[in-house]
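Worth knowing before you read on, the calculation uses all heavy atoms, side chains too, and leaves out hydrogens, waters and symmetry mates. FYI, the numbering just counts along the sequence from 1.
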Amino acid sequence: MRRVVPARRAAAVKVVGPVQWILLPALAVLAVTLLLATPIKVFGLTLPEPVTPLILAFAWPLIRPSVLAPLALLAVGLVVDLFWGNRLGLWPLGLLVAYGVVLVSRSYISGQDTRLLFAWYSGVTAVAFFVGYLVTTMTAHQPPSLIALFFQYLPTVLIFPAANWLIDRFDDGDLKFR
């Protein structure tokens, strides 16, 4: 007696290209940076100015290591430096160091609980801010205010849900990279 095996359906593979997971998030991060720099005061306080590209520097190596991601971080960092009036190279260096730290530790971070991802994100953000602090101290021959640094670090850490959403959104985007 011959057993009939039902035919399997072909699984639809959703291919996510660089436009979806690199270009659009980079433009969104730059738009949020521009939006948060508007001179609006709420109860006498200005809007926070987090370093939003750190979302990308944390999420991209976890989503998929790529040659395009560091190039995009370099471009986004240069735009942020020009926009904020920093010395060129301050945030590209910080973003690339953060990207490198996450890339090297990718095998430990991938697939972990959200709380652990938040701890890693906080640590990587601290490393990027430390690099920025060192570069600013060396170029200005004077250390920046640690209080001001903390008040930029805190909102940057608090935007972690955006990085977590980006990881969840694109993590299973292309099965050929699994």
Side-chain angles (χ1 to χ4, degrees), residues 16 18-42 45-103 105-106 109 114-136 144-171 173:
V16 177
V19 170
Q20 287 85 18
W21 74 277
I22 290 184
L23 182 64
L24 295 178
L27 292 175
V29 159
L30 289 174
V32 169
T33 300
L34 179 68
L35 179 70
L36 290 175
T38 55
I40 296 174
K41 289 193 175 199
V42 179
L45 301 172
T46 59
L47 294 174
E49 289 189 14
V51 183
T52 53
L54 278 167
I55 294 168
L56 307 175
F58 183 77
W60 282 345
L62 294 177
I63 294 170
R64 180 185 317 152
S66 169
V67 173
L68 295 177
L71 294 174
L73 283 175
L74 179 70
V76 168
L78 288 173
V79 169
V80 168
D81 279 349
L82 287 171
F83 182 71
W84 282 342
N86 294 334
R87 292 186 184 264
L88 287 181
L90 174 71
W91 281 116
L93 180 62
L95 293 172
L96 290 175
V97 166
Y99 182 87
V101 168
V102 176
L103 187 62
S105 56
R106 181 178 192 264
I109 303 173
T114 303
R115 291 173 292 183
L116 186 68
L117 286 177
F118 177 72
W120 272 96
Y121 177 77
S122 300
V124 166
T125 301
V127 167
F129 272 79
F130 182 69
V131 167
Y133 180 82
L134 287 179
V135 168
T136 302
S145 167
L146 290 176
I147 295 170
L149 186 75
F150 175 75
F151 282 117
Q152 190 172 25
Y153 172 79
L154 184 62
T156 303
V157 168
L158 293 177
I159 58 173
F160 166 75
N164 193 38
W165 176 84
L166 196 63
I167 292 167
D168 288 344
R169 167 80 170 85
F170 292 111
D171 194 28

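Residues Trp84 and Trp91 meet the side-chain proximity criterion, which asks for heavy atoms closer than 4.5 Å. Residues Pro25 and Leu166 form a side-chain contact, since some pair of their non-hydrogen atoms from C-beta on lies under 4.5 Å apart. Looking only at side-chain heavy atoms (C-beta outward), Leu30 and Val79 come within less than 4.5 Å of each other. At a threshold of 4.5 Å between non-hydrogen side-chain atoms, the residues Phe170 and Ile22 do not count as touching. Between Pro65 and Leu103, some side-chain heavy-atom pair lies under the 4.5 Å cut-off. Between Phe58 and Ile167, the closest side-chain pair of non-hydrogen atoms falls below 4.5 Å. The shortest side-chain heavy-atom distance between Ser122 and Phe118 falls under the 4.5 Å cut-off.
The distance between the ring centers of Phe160 and Trp120 does not fall below 6.0 angstrom.
Contact between Pro70 and Ser66 at its shortest, heavy atoms only, is CD-O, 3.1 Å. The nearest pair of heavy atoms linking Ala128 to Ala98 is CB-CB, 4.2 Å. Between Val102 and Pro61, the shortest heavy-atom distance links the atoms CG1-CG, 3.4 Å. In terms of heavy-atom proximity, Ala163 sits nearest to Ala59 at O-CB, 4.1 Å. Taking each heavy atom of Val76 and Pro53 in turn, the nearest pair found is CG1-CG, 3.5 Å.
Distance check: Leu23 CG to Leu68 CG gives 10.5 Å after rounding to the nearest 0.5 Å. Taken from CZ in Phe129 to CG in Leu146, the straight-line distance is 12.5 Å, to the nearest 0.5 Å. In this structure, CD1 in Ile159 is found 8.5 Å from CG in Leu36, a value given to the nearest 0.5 Å. Once rounded to the nearest 0.5 Å, the distance linking CG of Asn164 with CZ of Arg169 reads 14.0 Å. To the nearest 0.5 Å, the span separating CG on Leu149 from CG on Leu154 amounts to 11.5 Å.
Gln152 places no side-chain N or O within donor-acceptor distance of the main-chain N or O of Val51, the cut-off being under 3.5 Å. In terms of modelled atom types and a separation under 3.5 Å, the side chain of Tyr99 and the main chain of Leu56 share no donor-acceptor contact. Looking only at distances, no side-chain donor or acceptor of Arg87 sits under 3.5 Å from a matching main-chain atom of Thr136. A donor-acceptor pair under 3.5 Å links the side-chain atoms of Thr52 to the main chain of Val29, judged by distance alone. A side-chain donor-acceptor contact under 3.5 Å links Trp60 to the backbone of Trp21. Within the 3.5 Å criterion, the main-chain N or O of Asn86 finds no donor-acceptor partner in the side chain of Asp81.
Between Phe130 and Tyr133, the ring-plane angle classifies as parallel under the 30° and 60° cut-offs.
Heavy-atom neighbours of Ile147 CD1 from other residues, nucleotides or ligands within 6.0 Å: at or below the threshold of 12. At most 12 heavy atoms of other shown residues, nucleotides or ligands fall within 6.0 angstrom of atom CZ in Phe151.
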Quiz item: Could you walk me through whether Thr46 and Ile40 pass the side chain to side chain contact (heavy atoms under 4.5 Å, CB included) check?
Solution: CA-CA 6 Å; Thr46 59; Ile40 296 174; over 6 Å; no

